[in-house]
Amino acid sequence: MVAAADSDGALAGKGGAVTVRAPVPLFRKPSVIPGFGLTLGFTLTYLSLIVLVPLAALIVRSSSLGWGGFWSAVTTPRVIAAFEVSFGLSFAAALTNAVFGFLVAWVLVRYDFPGKRLVDALVDLPFALPTAVAGIALSALYAPNGWLGKPLNELFGLKVAFTPVGIAIALTFIGLPFVVRTVQPILQDLPAEEEEAAASLGASRFQTFRSVILPAVLPALVTGFALSFARGVGEYGSVIFIAGNMPGLTEIVPLLIVIKLEQYDYAGAAAVGTAMLGVSFLMLLILNLLQQWMRSRHAR
Amino acid sequence: MPADTSISAPASIPVPPAQSALTEPAWVRAALIGGALLFLALFLLLPLVAVFVEALRRGFDAYWTALIEPDAVAAIKLTLIVAAIAVPANLLFGVAASWCVAKFDFRGKNLLITLIDLPFSVSPVISGLIYVLLFGMNGLFGSYLRDMGVQIIFAVPGLVLATVFVTFPFVARELIPLMQEQGSDEEEAALVLGASGWQTFWRVTLPNIKWALLYGVLLCNARAMGEFGAVSVVSGHIRGETNTMPLHVEILYNEYNFVAAFAVASLLAMLALVTLVVKTALEWRFGDELAAARH
């Protein structure tokens, strides 16, 4: 990548020496390839109109409340309870996904079994299946008279639909591919030599796993966890059908935003949305830093 | 390549004792495979099966009736219209963005890439909310739009905008890593040989990226047709007018019309399955050309 950029620059440098063109090296390296102005202009315009201006409207709208108004809008008991539900259950679901996603990735990379390619393709189902479809399917499965809801209730007394457990299950469904797809390539590229060395030095298989394989995969696992977690916090479609949506108990933040909008409380909706966006960016940032720290610690 | 003790292809041949230091005992392997398959069957496969079983619970006639009912047909049409606008728009953007990011070095490039990915980390509900705040009745431009007689929120333009937002990065994020890896040597050669910029793009760049492009469009389309949260906020749920298929599913389900809800849902599930099949086929057939895009 660096080499490509260098040769690119060298070539472009020669071209720049022959044809006299306006030098703008402070902004970009000169190049013989045309279309920079056109594509960058289009990209920035489109990006601004679709993404940046509307997101700015969110900030502007919630700032119209003033700091005090914003604070009181996002610290009502109902909002705080919704944040606890959303973040707590997303965390639980991401943790479940970290464990089972790793297991699935491990099995797909290390072992052979009939139908493996089919299983590999199936892992992406939550990416492809519309969330509303997942939502009604899960809610039918785990309803008190559903295929899974009935036996779970009769055998263990566990109610899933319309309880926090149901939300966690929906978020697990949605987040699983993030962990599998981030861990899988790392596991694939793990050099066999390190494991051979560990084994020849007398490590048991479990010791090799714990001290050689796991540290190498851990940054990817944390990334997958973070992605799954972030997706869970914002998830709406797959959750609302199974959640029951009781304020304070099974009401998630995105639903609360929708409710505020339906009551024409635009400023309140904007405030809760801004808070949610802020908190999830903050958590992503922390997890990113954590991941960098781990990577530098386990760098070879 | 001679069979060695590499762990990358272990168990297809019976594992000789010499390899046992590099893999797990047979019972551990069986248990892990069993555990993973059981988890996937319970969490992924069962919901998918449930959609079709519930849809056909009252037989095929009831299923078919639910699909040809006028509101369902209107929802299907609207979904196709919205996708037919949003996907080409993001396709055009994806190509332009990846061209300027991959072929040029300029300041703020990493920031631009981050901003392009931004919609992926925004909750779907917020993706709808931002347009309501701009164009809704009490929104920033609300009164202006009302005077002009233009309706965006609770109308098709709002649905398109929200869909464009949530599917914004799909094409660009497939193309950018691939085009960065390919570099611009071939384009430079074409230009030096006298090709125009457009000729270079159509004859050199496009053939190099076509499969990744298709891959991105495929994922973009699946999300565009299946999006729920964002369009739910801007739609207003007017039956037959601003209801896309996922929203129609919600309405039917909340009316306890389960067979009809699952019937429409089964169409979306089929779309998901077709997407997965084509995606997997692309990955098997053109894995190398997509490799950069898939991390």
Side-chain angles (χ1 to χ4, degrees), chain A residues 4-5 8 11 27-29 31-36 39-40 42-43 46-47 50-51 54-55 57-58 61 100 103-104 107 111-113 119 121-122 124-125 128-134 136-138 140-141 173 185 192 195 199 205 230 234 236-237 254 257-258 261 264 266 269-270 273 277, chain B residues 6-7 11-12 21-22 24 29 32-33 35-36 39 43-44 46-47 50-51 54 93 96-97 99-100 103-107 115 118-119 121 123-126 129-131 133-134 138 140 164-165 183-184 187-188 191 197 222 226 228-229 246 249-250 253 261 265 268-269 272 275-276 280 295:
Chain A
D8 194 25
L11 247 177
F27 177 51
R28 75 168 172 107
K29 286 191 190 168
S31 159
V32 288
I33 309 253
F36 179 72
T39 54
L40 185 69
F42 179 71
T43 302
Y46 192 77
L47 180 72
I50 299 289
V51 178
L55 276 178
L58 178 71
R61 189 66 196 219
F100 285 96
L103 174 66
V104 170
V107 164
Y111 306 143
D112 253 336
F113 52 91
V119 173
L122 181 73
D124 278 333
L125 180 73
L129 195 70
T131 53
V133 178
I136 64 167
L138 288 172
L141 278 180
F173 174 87
E195 286 171 57
R205 190 63 194 149
Y236 177 69
I257 294 175
V258 171
L261 266 183
Y264 295 100
Y266 281 22
L277 215 55
Chain B
S6 138
I7 43 81
S12 58
L22 286 178
E24 293 71 34
R29 271 181 283 148
L32 291 179
I33 293 175
F39 178 81
F43 272 80
L44 298 191
L46 209 53
V51 172
E54 295 286 335
F93 163 75
W99 181 271
C100 87
K103 303 292 180 198
F104 303 97
D105 267 324
F106 56 93
R107 284 187 173 203
L115 287 178
L118 192 61
S121 32
S123 164
V125 168
I126 294 183
L129 167 70
I130 53 179
Y131 292 106
L133 294 179
L134 274 182
N138 303 333
L140 286 180
V164 167
F165 183 95
S184 33
E187 282 81 5
E188 278 160 8
L191 290 163
F228 176 72
V249 168
E250 181 198 20
Y253 191 84
L268 289 167
T275 304
L276 280 186
T280 309
H295 314 291

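Reminder, nothing fancy here: chain letters follow the sequence lines and each chain counts from 1. Since we're looking at a predicted model, the values are computed, not measured.
Taking the six-membered ring for Trp and the full ring otherwise, the centers of B/Phe43 and A/Phe100 sit at least 6.0 Å from each other.
Heavy-atom minimum distance, B/Leu133 versus A/Ala270: CD1-CB, 3.8 Å. B/Ile126 and A/Gly273 get closest at one heavy-atom pair: CD1-O, 3.4 Å. Counting all heavy atoms, side chain and backbone alike, B/Ala96 lies closest to A/Thr39 at O-CB, 3.3 Å. B/Ala272 and A/Pro130 make their closest contact through CB-CD, 4.4 Å (heavy atoms, listed as atom of the first residue, atom of the second, distance). Considering every non-hydrogen atom in both A/Gly237 and B/Phe228, the closest pair reads CA-CD2, 3.3 Å. For A/Ala137 against B/Val51, the heavy-atom pair with the smallest separation is CB-CG2, 3.6 Å.
Residue B/Pro119 touches chain A through its side chain alone, counting heavy-atom pairs closer than 4.5 Å. Proximity to chain A (any heavy atom under 4.5 Å) is shown, for B/Phe165, by both the backbone and the side chain. Contacts between B/Leu46 and chain A at a heavy-atom distance below 4.5 Å involve backbone atoms as well as side-chain atoms. Looking at A/Ile136, both its backbone and its side chain come within 4.5 Å of chain B, counting heavy atoms on both sides. Contact annotation for B/Leu32: both backbone and side-chain heavy atoms come within less than 4.5 Å of a heavy atom of chain A. Neither the backbone nor the side chain of A/Ala230 comes within contact range of chain B; no heavy atom of the residue lies under 4.5 Å from a heavy atom of that chain. Only the side chain of B/Tyr131 comes within contact range of chain A, with heavy atoms under 4.5 Å apart. The contact between B/Leu191 and chain A is made entirely by side chain atoms (from C-beta outward), counting heavy-atom distances below 4.5 Å. Residue A/Ala134 does not touch chain B at all, counting heavy-atom pairs closer than 4.5 Å.
Note: B/Cys100 leads B/Cys100, B/Ala50, B/Gly226 in heavy-atom pairs under 4.5 Å with chain A. Contact count versus chain A (heavy atoms, under 4.5 Å) is highest, among B/Gly35, B/Gly229, B/Ala222, B/Pro47, for B/Pro47. Between chain A and the options B/Val164, B/Leu140, B/Leu44, B/Val249, the largest number of non-hydrogen pairs under 4.5 Å is found for B/Leu44. Across A/Val104, A/Leu58, A/Ile50, A/Leu138, the residue that shares the most heavy-atom pairs under 4.5 angstrom with chain B is A/Ile50. Among the candidates A/Phe42, A/Tyr46, A/Phe173, A/Tyr236, the residue making the largest number of heavy-atom pairs closer than 4.5 Å to chain B is A/Tyr46. When the candidates B/Ala261, B/Gly197, B/Ser121 are compared by the number of heavy-atom contacts under 4.5 Å with chain A, B/Ser121 comes out ahead.
By the side chain to side chain donor-acceptor pair (under 3.5 Å) test, A/Tyr266 pairs with no residue at all, sequence neighbours left out. The salt bridge (Lys or Arg N to Asp or Glu O under 4.0 Å) check on B/Glu187 picks up B/Lys103, with sequence neighbours excluded.
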Determine whether A/Val51 and B/Leu115 satisfy the following criterion, side-chain contact (heavy atoms from CB on, under 4.5 Å), listing intermediate values before the conclusion.
CA-CA 8 Å; A/Val51 178; B/Leu115 287 178; over 6 Å; no

Might you work through the side-chain contact (heavy atoms from CB on, under 4.5 Å) test for A/Leu40 and B/Phe106, ending with a clear yes or no?
CA-CA 10 Å; A/Leu40 185 69; B/Phe106 56 93; 4.0 Å; yes

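Ring pair A/Phe36/B/Phe104 is perpendicular by interplanar angle, where above 60° counts as perpendicular and below 30° as parallel.
Within the model, atoms CG of A/Leu261 and CG of B/Leu129 stand 5.0 Å from one another, a figure rounded to the nearest 0.5 Å. Rounding to the nearest 0.5 Å places CG of B/Leu118 at 7.5 Å from CG of A/Leu277. Note that the CD1 atom of B/Ile130 and the CG atom of A/Leu55 stand 4.5 Å from one another [nearest 0.5 Å]. Annotation: the span from A/Asp124 atom CG to B/Thr280 atom OG1 amounts to 7.0 Å, rounded to 0.5 Å. Atoms CD1 and CH2, from A/Ile33 and B/Trp99 in turn, are 5.5 Å apart once rounded to the nearest 0.5 Å. Separating the CD atom in B/Glu24 from the OH atom in A/Tyr111 is a distance of 3.5 Å, to the nearest 0.5 Å.
Side-chain contact check for A/Thr131 versus B/Pro246: every heavy-atom pair is 4.5 Å or farther apart.
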